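Keep in mind the model is a prediction, meaning the values are calculated, not measured. Order of the sequence lines sets the chain letters (A, B, ...), proteins ahead of strands, with each chain counted from 1. Heavy-atom basis, side chains included; hydrogens, waters and symmetry copies ignored.
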Number of protein chains: 2
Amino acid sequence: MKKRTFTCGLDAAIAVMGGKWKGLILFELQTEALRFGELRRAVPGISERVLIQQLREMEATGLLHREVYRQVPPKVEYSLTEFGRSLNTALGPLGEWGEEHLERIEDIPWEQLP
Amino acid sequence: MKKRTFTCGLDAAIAVMGGKWKGLILFELQTEALRFGELRRAVPGISERVLIQQLREMEATGLLHREVYRQVPPKVEYSLTEFGRSLNTALGPLGEWGEEHLERIEDIPWEQLP
DNA sequence: CCTCATACTTACAGAAAGGTCAGTATGTGT
DNA sequence: ACACATACTGACCTTTCTGTAAGTATGAGG
């Protein structure tokens, strides 16, 4: 990712929540803060390495807050910031659209696309 | 892309419009059908190869319609389907969110992220 | 014939994203 | 002394994405 200007609001939004994981992470955090391990179990298929990477980036962009509890074994909680909550709200209609058209989307022959 | 099931509507929506280009292409087509060359000029920074790839995928997922006019030099117009228009509507709030927070998003130190 | 415009298509290479797996640090409990 | 749980961290590799540059096909116009 390089310093950049954006062609429109959608372009900027996609830069912030782009990739296939960040949307799901936001979604999981919308109701409550979660620990690292809880998030890993909540987002099926993500690897530890990638999850941490995504969390770090989202922390850097101001979408979420990382709270470390000085305990052993360690406990780290991730929660949405105000910024993150506002993005989540903006993603609402997109999620609903996906729900509405879920069957159609699953029927797309993904395996033979590019 | 493989055949897959989705964990939620947002997951499915991201699979359909994911990547950094499809959202912009939808955006450009929201008011009128465009020819290939017009689209290339409208989406700054995209290469021909990637634009065609994205258009083919979006055609395959049913987001847009490809109309070939048998002329020389060739003329091909791309326009949104009803499905594409509905996705565009769902993306509206996300685009507005990006507009609202554009400054903040541009100020993010993208160059030092991962 | 030669050039032009348009919409691709192909070959290749480099960059970025994603995955696997092993290892680290540290108080607590046994 | 030792295993345990948690949250990472690093090395390494594979897959996917993106870009560059060149070439193809076609009929019109000169």
Side-chain angles (χ1 to χ4, degrees), chain A residues 1-4 7 11 14-25 28-29 33-61 64-79 110-114, chain B residues 1-4 7 11 14-25 28-29 33-61 64-79 110-114:
Chain A
M1 286 172 162
K2 298 278 168 58
K3 188 170 286 178
R4 46 178 302 196
T7 60
D11 189 23
I14 290 175
V16 171
M17 54 72 65
K20 76 177 179 188
W21 299 115
K22 295 204 179 79
L24 295 176
I25 294 171
E28 295 298 335
L29 290 175
L34 292 175
R35 299 178 60 170
F36 177 80
E38 293 172 326
L39 263 176
R40 177 160 41 88
R41 287 184 289 274
V43 182
I46 198 169
S47 67
E48 293 196 345
R49 185 187 184 287
V50 173
L51 178 55
I52 289 170
Q53 224 170 261
Q54 302 294 309
L55 291 172
R56 290 277 138 83
E57 290 179 27
M58 292 167 77
E59 198 190 348
T61 53
L64 48 82
H65 172 72
R66 178 168 177 268
E67 182 80 31
V68 180
Y69 296 84
R70 305 163 125 290
Q71 301 176 357
V72 169
K75 172 178 174 181
V76 180
E77 268 191 357
Y78 294 90
S79 56
W110 297 104
E111 70 278 4
Q112 61 189 337
L113 271 191
Chain B
M1 286 172 162
K2 298 277 168 58
K3 189 170 286 179
R4 45 178 303 195
T7 61
D11 189 22
I14 290 175
V16 171
M17 55 70 67
K20 78 177 177 187
W21 300 115
K22 296 205 179 77
L24 294 176
I25 294 171
E28 294 297 334
L29 291 175
L34 291 176
R35 300 178 59 170
F36 177 80
E38 292 172 327
L39 263 176
R40 176 160 42 87
R41 287 184 290 274
V43 182
I46 198 169
S47 68
E48 293 196 346
R49 186 187 184 289
V50 173
L51 178 55
I52 290 170
Q53 225 170 261
Q54 301 294 309
L55 290 172
R56 290 276 138 82
E57 289 180 29
M58 292 167 75
E59 198 191 347
T61 54
L64 48 82
H65 172 71
R66 178 169 176 267
E67 181 80 32
V68 180
Y69 296 83
R70 307 162 124 289
Q71 301 176 357
V72 170
K75 172 177 173 180
V76 180
E77 269 192 355
Y78 295 90
S79 56
W110 297 102
E111 71 278 4
Q112 62 189 335
L113 272 190

Test side-chain hydrogen bond (donor to acceptor under 3.5 Å, both in side chains) applied to [X] - qualifying residues, sequence neighbours left out:
X     : value
A:Q54 : A:K22
B:R66 : B:Y78
A:S79 : none

At their closest point, which heavy atom of A:M58 faces which heavy atom of A:I25, and how far apart are they?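 The pair with the smallest heavy-atom distance is CE-CG2, 3.8 Å.
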What's the shortest heavy-atom distance between A:L64 and A:L55, and which atoms?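 Minimum heavy-atom separation between A:L64 and A:L55: CD1-O, 3.9 Å.
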Would you mind classifying the nucleic acid contact of B:G18 as base, sugar-phosphate or nothing, using non-hydrogen atoms under 4.0 angstrom?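 It contacts nothing in the nucleic acid.
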Can you tell me if B:Q71 touches the phosphate of D:dA28, counting only side-chain N or O atoms and a distance under 4.0 Å to OP1 or OP2? no
Run the side-chain donor-acceptor check on residues 34-49 of chain B: report pairs under 3.5 Å with partners two or more places apart or on a different chain.
residue: B:R35; atom: NH2; partner: B:P74; partner atom: O; Å: 3.1
residue: B:E38; atom: OE1; partner: B:R35; partner atom: N; Å: 2.7
residue: B:S47; atom: OG; partner: B:V50; partner atom: N; Å: 3.4
residue: B:R49; atom: NH1; partner: B:Q53; partner atom: OE1; Å: 2.7

Could you list all the salt bridge (charged side-chain N to carboxylate O under 4.0 Å, His left out) pairs where at least one residue sits in residues 67-78 of chain B, not counting sequence neighbours? none
Could you tell me how far apart [X] ([atom1]) and [N] ([atom2]) are, to the nearest whole angstrom?
X     : N      : atom1 : atom2 : result
A:L51 : C:dA17 : CG    : C1'   : 15 Å
B:R70 : C:dA7  : CZ    : P     : 16 Å
A:Q54 : C:dA16 : CD    : P     : 15 Å
B:Y69 : C:dA7  : OH    : P     : 12 Å
A:Q53 : C:dA17 : CD    : P     : 8 Å

Can you measure from CZ (A:R56) to CG (A:L51) and round to the nearest 0.5 angstrom?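 Atom-to-atom, A:R56:CZ and A:L51:CG are 10.0 Å apart.
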I'd like a list of close polar pairs between nucleotides 2-12 of chain D and the protein, N/O only, cut-off under 3.5 Å.
residue: D:dT6; atom: O3'; partner: A:R35; partner atom: NH2; Å: 3.1
residue: D:dT6; atom: O3'; partner: A:P74; partner atom: O; Å: 2.9
residue: D:dA7; atom: OP1; partner: A:R35; partner atom: NE; Å: 2.9
residue: D:dA7; atom: OP1; partner: A:R35; partner atom: NH2; Å: 3.1
residue: D:dA7; atom: OP2; partner: A:G37; partner atom: N; Å: 3.0
residue: D:dC8; atom: OP1; partner: A:R56; partner atom: NH2; Å: 3.3
residue: D:dC8; atom: OP1; partner: A:R66; partner atom: NH2; Å: 2.5
residue: D:dC8; atom: OP2; partner: A:Y78; partner atom: OH; Å: 2.7
residue: D:dC8; atom: N4; partner: A:E48; partner atom: OE1; Å: 2.7
residue: D:dT9; atom: OP2; partner: A:R56; partner atom: NH1; Å: 2.6
residue: D:dA11; atom: N6; partner: A:R49; partner atom: NE; Å: 3.2

In degrees, rounded to 10°, what is the bend between the two ends of the helix from C:dC1-D:dG30 to C:dT30-D:dA1, using five pairs at each? 20°
